[in-house]
Number of protein chains: 2
Amino acid sequence: MKSKRIPKATIGRLAVYVQVLESLRRDRVEVVSSEKLAQACSVNSSQIRKDLAYFGEFGVRGVGYYIQELITSIKRSLGIDRVWNCALVGVGNLGRALMKHRDIPRKGFVIKAAFDCDPDRIGLVIKGIEVMCLSRIKEVVPSLDVEVGFISTPPERAQRAANFLIEAGVRGIVTFAPARLEVPANIPVEYVDFSHHLYAVAFYINQEANKA
Amino acid sequence: MKSKRIPKATIGRLAVYVQVLESLRRDRVEVVSSEKLAQACSVNSSQIRKDLAYFGEFGVRGVGYYIQELITSIKRSLGIDRVWNCALVGVGNLGRALMKHRDIPRKGFVIKAAFDCDPDRIGLVIKGIEVMCLSRIKEVVPSLDVEVGFISTPPERAQRAANFLIEAGVRGIVTFAPARLEVPANIPVEYVDFSHHLYAVAFYINQEANKA
């Protein structure tokens, strides 16, 4: 397995493949051709074959991919074949939506603790998790085996949240705040920003208008 | 301007460039070198130069990019130098967070109407917008000049929401539901899915562990 050299763009597409493969599995489909999979994922089939080649030789010529085997292998390679404990900082509207989001635990990411600095929020219980004062993070994160930090603060408080999370011992961060973070090189940060989707839809609507 | 040929990956990066450029502008910076901009955006400088070349010849050798000029040009090319009226379908936790999200109107996308099928939600007023029954969508969308539909329903209701939005006359869709949609070829759809960020952070944490 060549997992170390998997490019970032491939990882982005793998999320789509896993989603489509799991929906095929729910429909009791066992094998899928690269052409069909490509169509369902809105990419071309040579791209899929190239991306999936990172995970070994799954395609069977003239048959396709064995769905269950492929899902298992992709998940193992990415390290998402287990549960990751997460802590969230910033229990505003977005933070609450994340805590209630059904899809995050389904992907193996379980929010075990939530922190905020607002006295009106501390003590709230959301989905069974009590919101705690940020000052308790260094004690809580290690005791709950938290490895991933979610940041859903306003942008101006995101760096502070990151500092607290890293000092408390998280190994990686997913931030939903529109702000770039400065972190040590060994702490991966993922920036969730859907504004490029807003920009893209505007751009493609204009393209369609120019065609007409 | 070569806007028609701008690749999708470039559009994704432009959102980051705009964010970083706007934060530099807030700090009253007027000019930035491609090296500094690249560093702030976590991409390499040749990629930035290539991406920005789609928007004309902005770089001044030995000086850098004029920030204001570059922001204006990128926004004009993408069609985000104006307001886009949006309608949202699905007023659950995520839908409410989107309606309250400060960053969406800042990017020029204004939610003008919200729809749901749940009688307990119809009539709620969120950020000044009254939640309406989905059956009213065909009357409301044209009267409010809505062009973009947001879908934040559960996955099993996303296709129905898309059908309603398209029939009502929206020109493009941004969906937050984890489901692929079937739509006419002239309706662009953007899938917002942050699970690849979850996968990526897990993958890079494992990579760091393997280094150690």
Side-chain angles (χ1 to χ4, degrees), chain A residues 3-4 6 8-9 11-16 18-20 23 40-42 77-80 84 93-94 96-97 100-101 103-104 107-109 147-148 171-174 176 178-180 186-211, chain B residues 3-4 6 8-9 11-16 18-20 23 40-42 77-80 84 93-94 96-97 100-101 103-104 107-109 147-148 171-174 176 178-180 186-211:
Chain A
S3 72
K4 289 225 169 182
I6 300 178
K8 199 151 183 154
I11 292 173
R13 286 187 294 267
L14 288 175
V16 178
V18 170
Q19 184 188 308
V20 169
S23 112
C41 297
S42 321
S77 308
L78 292 176
I80 52 166
W84 291 83
N93 298 311
L94 180 63
R96 284 169 220 217
K100 294 172 181 169
H101 204 293
D103 232 44
I104 297 174
K107 309 272 184 212
F109 294 78
E147 294 178 283
V148 176
R171 302 168 64 199
I173 288 174
V174 180
F176 297 80
R180 308 304 285 180
N186 64 332
I187 305 287
V189 176
E190 288 292 316
Y191 296 91
V192 180
D193 178 6
F194 58 81
S195 56
H196 65 275
H197 290 293
L198 300 178
Y199 295 170
V201 85
F203 178 72
Y204 292 117
I205 287 174
N206 282 337
Q207 270 197 325
E208 286 299 326
N210 290 339
K211 272 190 209 164
Chain B
S3 73
K4 289 225 168 181
I6 301 178
K8 199 154 183 151
I11 291 173
R13 286 187 295 267
L14 287 174
V16 179
V18 170
Q19 185 188 307
V20 169
S23 113
C41 297
S42 322
S77 308
L78 292 176
I80 52 167
W84 290 84
N93 298 311
L94 180 64
R96 284 170 221 216
K100 293 173 183 168
H101 204 292
D103 231 44
I104 297 175
K107 309 271 186 215
F109 293 77
E147 293 177 283
V148 176
R171 301 169 65 199
I173 288 174
V174 180
F176 297 80
R180 308 304 285 180
N186 64 333
I187 305 287
V189 176
E190 288 292 315
Y191 295 91
V192 180
D193 178 7
F194 58 82
S195 56
H196 66 276
H197 290 291
L198 300 179
Y199 295 171
V201 85
F203 178 70
Y204 292 118
I205 287 174
N206 282 336
Q207 269 197 326
E208 285 299 326
N210 291 338
K211 271 190 210 165

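Lettering follows sequence order; numbering is per chain, from 1. Bear in mind the structure is a predicted one, so any value in this text is a computation, not a measurement.
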Item to check | B:Val189 versus chain A, the contacting section by heavy-atom distance below 4.5 Å | outcome: neither
Checklist entry - Side chain, backbone, both or neither: which part of B:Val201 has a heavy atom under 4.5 Å from chain A? => result both
Item to check | Contact leader toward chain B among A:Ala202, A:Ser23, A:Gly79, A:Gly172, where contacts are heavy-atom pairs under 4.5 Å | outcome: A:Ala202
Next on the checklist: Taking every non-hydrogen pair under 4.5 Å, which of A:Asn186, A:Leu198, A:Asn206, A:Val192 racks up the most with chain B?
Outcome noted: A:Leu198
With a 4.5 angstrom heavy-atom cut-off, could you sort out which part of [X] is near chain B: side chain, backbone, both or neither?
X: A:Ile205; value: both
X: A:Tyr199; value: both
X: A:Ile173; value: backbone
X: A:Phe176; value: side chain

Next on the checklist: Shorter than 4.5 Å, heavy atoms on both sides: which option in B:Ala209, B:Ala97, B:Gly108 has the most such pairs with chain A?
Outcome noted: B:Ala97
Next on the checklist: Let's test your reading of the structure: which of B:Val174, B:Asp193, B:Leu14 forms the most heavy-atom pairs below 4.5 Å with chain A?
Outcome noted: B:Val174
Checklist entry - Do B:Val20 and A:Arg180 have side-chain heavy atoms sitting under 4.5 Å apart? => result yes
Separation of [Y] [atom2] from [X] [atom1] (nearest 0.5 Å):
X: B:Gln19; Y: A:His196; atom1: CD; atom2: NE2; value: 11.5 Å
X: B:Glu147; Y: B:Trp84; atom1: CD; atom2: CH2; value: 5.0 Å
X: A:Tyr204; Y: B:Leu78; atom1: OH; atom2: CG; value: 10.0 Å

Checklist entry - Do the ring planes of A:Phe194 and B:His101 sit parallel (below 30°), tilted (30 to 60°) or perpendicular (above 60°)? => result perpendicular
